[in-house]
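Everything below concerns the one structure shown next.
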Amino acid sequence: MRPCSPGWPPDGRASYAALAAKTGWNGARVARRVERLLGDGTVFLDIDLAHESLGFHVRAVLWLRVRPTDLEATGRQLAAHEEIAFVGAVTGQDNLMATIICRDDEHLYRYLVTRIADIAAIRSYELLISMRRFKDARTFVSRTTLSDATGR
C-alpha cells in the first residue's frame with residue numbers, strides 16, 4: 001500500500017476489493033497480506049465505541065499506588081476486570097493508571113468498594129471522573145455519537 005497517497009490513512013472498514021483497487025493488487029493478495037499483518041501483530045484493530053449508547057454513562061481514570069513488587073500481578077488482575085478499559089504501568093508515585101467504564105454512579109461505587117478494595121497490593125488511589133468527553137483517539141464525540149474530524 002502507498003502510505004503517502006491521498007486518503008491516507010485508509011478507511012478501516014474498506015473491503016478487500018476496495019483495498020485491491022487502491023493498491024493495484026488482486027483481492028486474494030490483499031486478503032493474504034492483511035491476514036499476515038494481523039496475524040503477526042504488525043496491524044491490530046482498535047475500535048472506538050460510544051459507551052453511552054450501550055448504557056455505560058460513567059467514565060473515570062484511576063491512578064493507583066501499588067507496591068513495586070506487586071505491580072505486574074496487580075496490573076494483570078485489573079486487566080481481567082470487565083470495568084477496566086485500559087490499564088498500564090506508569091512512572092511516578094502512582095505507578096498504575098486505569099480507565100474505568102461503568103453503567104452509573106452506583107456501579108462505579110460498588111466496583112471501588114468491592115473489587116478494587118479487595119486488592120491488597122493497592123496502597124491508595126485517586127479517582128478522576130470524566131465529566132464530558134470531547135475527543136477519544138481520532139474520534140470526536142457529539143452527545144453519544146462518534147465521528148471523525150470530517151464529521152462523518
Side-chain angles (χ1 to χ4, degrees), residues 1 3-4 6-19 22 30-31 33-152:
M1 290 188 228
C4 296
W8 189 265
D11 184 343
R13 300 164 293 187
S15 66
Y16 290 153
L19 292 172
K22 187 120 179 125
V30 168
R33 179 72 171 145
V34 169
E35 293 305 317
R36 191 173 106 219
L37 292 170
L38 288 168
D40 69 14
T42 301
V43 172
F44 67 93
L45 304 177
D46 191 12
I47 300 170
D48 288 337
L49 294 174
H51 298 101
E52 299 84 0
S53 297
L54 301 173
F56 293 86
H57 301 283
V58 176
R59 185 179 177 120
V61 174
L62 193 60
W63 292 94
L64 301 117
R65 191 170 295 181
V66 177
R67 291 187 302 252
T69 56
D70 295 323
L71 189 61
E72 178 83 15
T74 304
R76 293 193 182 281
Q77 186 175 359
L78 288 169
H81 293 184
E82 64 185 23
E83 292 85 356
I84 299 293
F86 168 85
V87 62
V90 296
T91 60
Q93 292 181 358
D94 297 324
N95 50 7
L96 272 180
M97 182 272 224
T99 302
I100 304 172
I101 299 173
C102 292
R103 288 183 302 281
D104 53 32
D105 294 339
E106 180 64 22
H107 181 193
L108 176 62
Y109 177 76
R110 288 284 152 226
Y111 175 68
L112 293 173
V113 301
T114 57
R115 311 251 341 251
I116 294 296
D118 284 345
I119 301 174
I122 297 174
R123 294 175 167 171
S124 65
Y125 67 81
E126 182 176 355
L127 181 72
L128 300 132
I129 296 177
S130 176
M131 302 299 291
R132 181 168 180 170
R133 185 170 46 140
F134 296 101
K135 182 178 179 181
D136 197 347
R138 291 186 41 195
T139 305
F140 292 90
V141 181
S142 175
R143 294 189 186 156
T144 60
T145 305
L146 299 177
S147 64
D148 65 15
T150 65
R152 289 186 287 168

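Any value given below was found using the heavy atoms of this structure, including those in side chains, with hydrogens, waters and symmetry copies removed. Just so you know, residue 1 is the first one in the sequence shown, and it goes up from there.
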With I100, the side chain to side chain contact (heavy atoms under 4.5 Å, CB included) member among E83, H81, R59
E83

Roughly how far, to the nearest 0.5 Å, is CE of M97 from CG of L78?
12.5 Å

Could you give me the CA-CA distance, side-chain angles and deciding distance for I119 and Q77, then say whether side-chain contact (heavy atoms from CB on, under 4.5 Å) is met?
CA-CA 9 Å; I119 301 174; Q77 186 175 359; 3.6 Å; yes

R123 CZ to L64 CG distance, which is reported to the nearest 0.5 Å
12.5 Å

Quick one: CG on D105 to CZ on R110, what's the gap to the nearest 0.5 Å?
12.5 Å

So how far is it from C102 SG to L112 CG, rounded to the nearest 0.5 Å?
7.5 Å

Going by heavy atoms in the side chains, are Q93 and W63 under 4.5 Å from each other?
no

List the atom of Y125, the atom of I122, and the distance in Å for their closest heavy-atom pair.
CD2-CG2, 4.5 Å

pair V87-L62: side-chain heavy atoms closer than 4.5 Å:
no

So how far is it from N95 CG to T74 OG1, rounded to the nearest 0.5 Å?
8.5 Å

What are the two closest non-hydrogen atoms of R67 and A120, and how far apart are they?
NH1-O, 3.8 Å

Output the distance between atom OG1 (T99) and atom CD1 (I101), rounded to the nearest 0.5 Å.
7.0 Å

Does the pair I84 and Y111 meet the rule for a side-chain contact (heavy atoms from CB on, under 4.5 Å), with working shown?
CA-CA 10 Å; I84 299 293; Y111 175 68; 3.3 Å; yes

For R115, does the CZ atom sit with more than 12 other heavy atoms under 6.0 Å from it, leaving out its own atoms?
yes

Around atom CD of E82, are there more than 12 heavy atoms of other residues, nucleotides or ligands at under 6.0 Å?
no

Residues two or more places apart in sequence or in another chain: which of them pass side chain to side chain donor-acceptor pair (under 3.5 Å) with D40?
T42

